[in-house]
Amino acid sequence: VTSYYLLVRPLCKAKMIEDAEVLITESRKKFRELPLHNLVVSSYCKGKKLDAAVAVYEKMVATNSCSADFVTYTSLIQGLCKVKRLEQALIFLGKMVSKGFHPDVYTYTAVIHALCVENRLHEARKFLEEMANRNLTPNVVTYTVLIDGLCKGGRVDEAVALLSKMRKKCVPTAVTYNSLISGLCKAERASEAYDLLEEMVYSGCIPDIFTYTTLITGFCKSKKSDDALRVFEQLVARGFRPDVVTYSCLIDGLCKEGRLKEAIDLFGRMIKSGSCMPNTVTYNSLISGFCRMGKMDEAMNLLERMAETGSSPDVVTYTTLMNGFCKLARLDDAYDLLNQMTRKGLTPDVVTFTSLMDGLCRENRLSDAVHILGEMRRKSCTPTVYTYNTILDGYCRANQLEEARKFMLEEMDCPPN
RNA sequence: GUCUGACUGAUGGCCA
């Protein structure tokens, strides 16, 4: 037996699990030990080879070599959860219980997590209750998993309520705070998120630059760049290093409020600080800001200056600029950029084409716009509902309601929104 | 002598 362990364990560690499996299944009966089988099953699970893991389990059952135990079921259920084979995991959970084994907090948490990922929040909550019925105490991770699921499902209020509930039993971790802060920011409730951040720091949990950037983006989304700037100064004062994403978020927020001068100033400050260099996204935000203001000269100037800091324009850069020109009815300039980007080896995508189509529609060139739709399909660039809406809006604007109706019935191959 | 669970950041398109 000892020699089997000496072989099987290293084989599993070296991810040569198939060889390990051969060893244990073809050995003489007395070596068919359960821990060896469990080792193989769990190794397959870790390698996300769940079919193989389940096959070993089934062989165990079929050949009666040894019978699955707590560890076998735990490994399989958690492995299945990880690869999102939730239904199968639930079946094994049922089997496990019916065989008299008691899934532990970890297993329940893994199942709840998988349910949350599938947005099956009601069932997730039911499992929390089931834990209580089985005298299992949910811990921080269990609560955090559910809180995170609720946040991602847009049910932030329930998440906040669950936070209060969990506080009576355990202490939130940085992960808990991060989930909630992100959820509140997505729900445009950045000031509540900020309160949580302060509480997080006060209670000794350490946020990271991601946490701060989430908050900055949250304030920007709510058009509160000033609050975002305050968070920025605070993170610097607390010794965190803003990176290019942090700067870019702020720059984008300022641009979206039309505060272009401040955005440019911050851009300069970023370079001067020496801690990071702007990238394509940083430029794209600035360019988008200038385009929105109709300042196409400045926008084009930025395009030309990207190379100075080692950035290259991408499809977003060009689309932003083209859209800017389209909105000013400068279709020739937009087409020039289309050619330029193609020459650079960049491929226009569905957004690029939709922008162009919108420009054409605004100039009453509806048949040209519809023509692009055909081009897109030929290039297997799939139109989205925005693309169709653009055309529909064009028809409506031109008072061609009957055409719009016909287009919707005959051309739209996605559900309207 | 075998198993174990969680989170967070940026840019472009339609209408309103």
Side-chain angles (χ1 to χ4, degrees), chain A residues 1-2 5 9 12 33-43 45-46 69-79 81-82 104-114 116 139-149 151-152 173-183 185 207-218 220 243-253 255 279-288 291 314-324 326 349-358 361 384-394 396 417:
Chain A
V1 178
T2 304
Y5 278 101
R9 217 169 16 187
C12 286
E33 292 207 335
L34 184 56
L36 280 173
H37 283 78
N38 285 341
L39 182 58
V40 170
V41 169
S42 70
S43 300
C45 289
K46 262 184 210 137
D69 72 348
F70 174 83
V71 173
T72 326
Y73 285 110
T74 300
S75 301
L76 284 172
I77 294 166
Q78 294 186 17
C81 285
K82 200 180 296 175
D104 65 5
V105 180
Y106 288 78
T107 302
Y108 271 106
T109 303
V111 170
I112 291 172
H113 181 230
C116 286
N139 62 21
V140 211
V141 179
T142 320
Y143 281 111
T144 301
V145 162
L146 250 176
I147 286 173
D148 186 58
C151 284
K152 292 199 171 117
T173 65
V175 176
T176 321
Y177 285 111
N178 281 337
S179 286
L180 272 161
I181 288 170
S182 162
C185 285
D208 57 19
I209 191 63
F210 282 47
T211 316
Y212 280 103
T213 306
T214 305
L215 249 176
I216 287 174
T217 311
C220 288
D243 63 14
V244 58
V245 179
T246 317
Y247 278 106
S248 298
C249 289
L250 256 179
I251 287 170
D252 189 62
C255 283
N279 62 18
T280 303
V281 176
T282 323
Y283 280 101
N284 288 349
S285 284
L286 282 169
I287 288 172
S288 172
C291 286
D314 63 7
V315 58
V316 175
T317 320
Y318 279 103
T319 302
T320 306
L321 285 160
M322 286 172 61
N323 185 50
C326 284
D349 65 12
V350 55
V351 181
T352 318
F353 287 123
T354 304
S355 290
L356 250 181
M357 288 163 69
D358 185 54
C361 287
T384 67
V385 66
Y386 286 178
T387 316
Y388 294 116
N389 287 347
T390 301
I391 301 274
L392 286 174
D393 184 56
C396 292
N417 65 4

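Throughout, a chain's letter reflects where its sequence line sits, starting with A, and its residues are numbered from 1. Hydrogens, waters and symmetry mates are skipped; everything else that's a heavy atom, side chains included, is used.
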Do A:Asp208 and B:U8 share a donor-acceptor pair, side chain to base, under 3.5 Å?
yes
Annotated protein contacts, base or backbone, on nucleotides 9-16 of chain B with a non-hydrogen cut-off under 4.0 Å, one of B, S, - each:
BBBBBBS-
Residues at least two apart in sequence or cross-chain that pass side-chain contact (heavy atoms from CB on, under 4.5 Å) with A:Ser43, listed by chain then number, are A:Cys12, A:Ile17, A:Leu39
Residues in side-chain hydrogen bond (donor to acceptor under 3.5 Å, both in side chains) contact with A:Tyr247, at least two apart in sequence or another chain:
none
Quick one: label A:Thr72 by what it contacts on the DNA or RNA (base, sugar-phosphate, nothing), any heavy atom closer than 4.0 Å.
nothing
Reckon A:Ser42 touches a base, only the sugar-phosphate, or nothing at all at heavy-atom distances under 4.0 Å?
sugar-phosphate
Has A:Tyr5 got its ring stacked on B:G1, by the test of a centre gap below 5.5 Å and a plane angle below 30°?
yes
A:Ile181 near the nucleic acid: base, sugar-phosphate alone, or nothing, with a heavy-atom cut-off under 4.0 Å?
nothing
Hey, is the side chain of A:His37 poking within less than 4.0 Å of OP1 or OP2 on B:C3, counting only N and O atoms?
no
Does a donor on one side chain sit under 3.5 Å from an acceptor on the other, for A:Thr317 and A:Asp314?
yes
Closest approach of A:Phe70 and A:Asp104, non-hydrogen atoms and distance?
CZ-OD2, 3.8 Å
Go through the structure and list residues passing side-chain hydrogen bond (donor to acceptor under 3.5 Å, both in side chains) with A:Thr217, not counting sequence neighbours.
none
Phosphate-side-chain proximity, A:Lys82 and B:U4, N/O vs OP1/OP2 below 4.0 Å:
no
Atom-pair distance (CG on A:Leu146; C1' on B:G5), nearest Å:
13 Å
Taking atom P of B:C3 as reference, at what distance in whole Å does atom CD of A:Gln78 sit?
12 Å
B:U8, OP1 or OP2 - any side-chain N/O from A:Lys152 closer than 4.0 Å?
yes
Does A:Arg9 make a side-chain N or O approach to OP1 or OP2 of B:U2 shorter than 4.0 Å?
yes
Contacts of A:Lys152 that satisfy salt bridge (charged side-chain N to carboxylate O under 4.0 Å, His left out) - sequence neighbours left out
A:Asp148
Do A:Thr142 side-chain and B:A6 base share a donor-acceptor contact under 3.5 Å?
no
Non-neighbouring partners of A:Phe353 that pass ring-ring contact (aromatic ring centres under 6.0 Å, His included), sequence neighbours left out
none
Between B:G5 (P) and A:Phe70 (CZ): distance, integer Å:
13 Å
Name the nucleic acid region contacted by A:Val41, choosing base, sugar-phosphate or nothing; use a 4.0 angstrom heavy-atom cut-off, strictly under.
nothing
